[in-house]
Amino acid sequence: MEILKLAARKVIFPFLVQTGLVKIFSDKSGGKRLILMYHGVVKKTDFSLSVNHLALTDFEQQIKYLSENFEIISLRDIFKSYKEGKDTKPQLAITFDDGYENNYTNAFPVLKKYHIPATIFVVSKILETPDYILWYDLIDLVKSKLNIDFFKSNANKLPSEKGNMIKNAVSWGDFKKVMKMLDVEEKEIIIQRNSNEVKEILSNVNAEYKNMLSAGQMMEMISSGLIEIGSHTHHHPNLDVLNIDEARNEIKTSRKMLEQALNYKVKSIAFPDGAYNETTKQLSINEGYENLLAVDYKTSSDEEDENILPRFCISNTTTSESNYFQIYRAFKKKGF
Ligand SMILES: [Zn+2]
C-alpha cells in the first residue's frame with residue numbers, strides 16, 4: 001500500500017498532470033463549479049508541529065496551475081453563477097479558513113501576482129485578543145512538549161459526562177474529538193491557555209504558525225479588491241453542539257465585530273469544522289449572511305438550498321499533483 005501510494009505521488013500523478021491526461025478523471029456530473037478550502041501558507045512546513053499549513057512553494061505552484069486550467073472567480077461570483085445556473089467553463093473559488101497572518105504575508109502576494117480573488121474566513125476573537133490561538137492549534141503547538149495528562153487535569157471541572165470522556169481519551173485524536181463536543185468555556189477550562197506551562201511553550205513557537213491577522217492587514221487586503229473577509233464565528237466552536245443562544249451569539253458577534261473593525265459588509269460565513277445543522281443555517285440567514293459554507297452537506301435538503309455550498313479541502317501533506325487529481329475528481333461529489 002505504501003509503495004503504491006509513493007508510486008502514485010512520485011510517478012503517476014506527475015505524469016498525468018504533465019501530459020494533461022489528469023483531465024480524463026474529471027467528472028462534472030455533479031456540476032462545473034467547485035470551492036477550494038485552504039488554511040495556512042508557510043515558508044517552511046513542519047508537520048510535527050501542525051498539518052494546517054501548506055508550503056508557500058506548493059501554494060504558488062497550485063495557484064499558477066489552477067489559474068491556467070480553470071476560471072477562478074470570487075466566492076460571491078460563484079454563488080451568483082450557481083444561482084443563475086447558466087452553463088459555464090469549469091469554475092473555482094478559493095477560500096482560506098481560520099485567519100492566519102501567513103495568509104497576508106505569504107498567500108496574498110501570490111494572489112496579487114496572479115490576480116486571483118479569494119475569501120478569508122476569520123475568527124473575530126482575534127480582533128479583541130490579537131495573540132488569540134485557536135484551541136486545536138494550541139493543542140498541536142504544545143503537544144510535543146506537554147503530556148495529554150496536563151489537559152486532562154481539569155476534566156473534573158466539567159459536567160461529569162463530558163469530564164469522563166476527556167479522561168477516557170487515550171490518543172490526541174480521541175482527545176480532539178471530545179474537545180469538539182465542548183462549548184467555548186469548557187474548552188478554555190481544559191486547554192489552560194493562561195497557564196505558565198502553555199504560555200512558555202507558545203512563546204517559543206515560530207510566529208508563522210501562531211500569528212493571526214490584524215484588522216489593518218485585513219483592510220489592506222480588502223482594498224486590493226481581490227480579498228473578501230468572511231466570518232468563521234467568534235471562537236471557532238462546533239456550532240451544532242451549542243445551544244441556540246450560544247450559537248446565535250457566535251454567528252452574530254463575529255459579523256458585528258468584523259463589520260465594525262473593517263467598516264465593511266460581511267456577507268459570507270464558513271462553519272468551523274464544517275459542523276452545522278438546520279438551526280445554524282437559519283440563524284445565519286436571520287443574522288444577514290448570504291453565502292453559507294459547509295465542507296460536506298449534512299442534510300439532504302442542503303442540495304436544494306442555494307444559500308449553502310460544500311467545499312473541497314486541499315491537503316497540505318501530499319504533493320500538488322495529487323491535489324490536482326483530487327480536485328478533478330471532487331467535481332463529481334462537491335461540484336454544483
Ligand atoms: Zn476553521
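As the structure lists them, so they are numbered: ligands from 1, and atoms in each ligand from 1.
- Listed by chain and residue number, the protein N/O/S atoms under 2.8 Å of the Zn ion (ligand 1) are D98 OD1, H232 NE2, H236 NE2, with waters left out.
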Let me have the donor-acceptor pairs involving side chains of residues 130-139, under 3.5 Å, with sequence neighbours excluded, atom names and distances please.
unit_1	atom_1	unit_2	atom_2	d
Y136	OH	D98	OD1	3.2
Y136	OH	D98	OD2	2.4
D137	OD1	Y100	OH	3.2
D137	OD2	Y100	OH	2.5

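- In this structure a side-chain-to-backbone donor-acceptor pair under 3.5 Å is present from Q192 to F150.
- Between R311 and D296, no side-chain nitrogen of the basic residue sits less than 4.0 Å from a carboxylate oxygen of the acidic one, so the salt-bridge criterion is not met.
- Using the six-membered ring where Trp is involved, Y328 and Y65 have ring planes that are perpendicular, over 60° apart on the 30 and 60° scheme.
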With side-chain contact (heavy atoms from CB on, under 4.5 Å) as the test, would you mind laying out the steps for Y297 and L309 before giving the verdict? CA-CA 8 Å; Y297 282 146; L309 289 171; 3.8 Å; yes
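- Side-chain atoms of H234 and S254 include no donor-acceptor pair closer than 3.5 Å.
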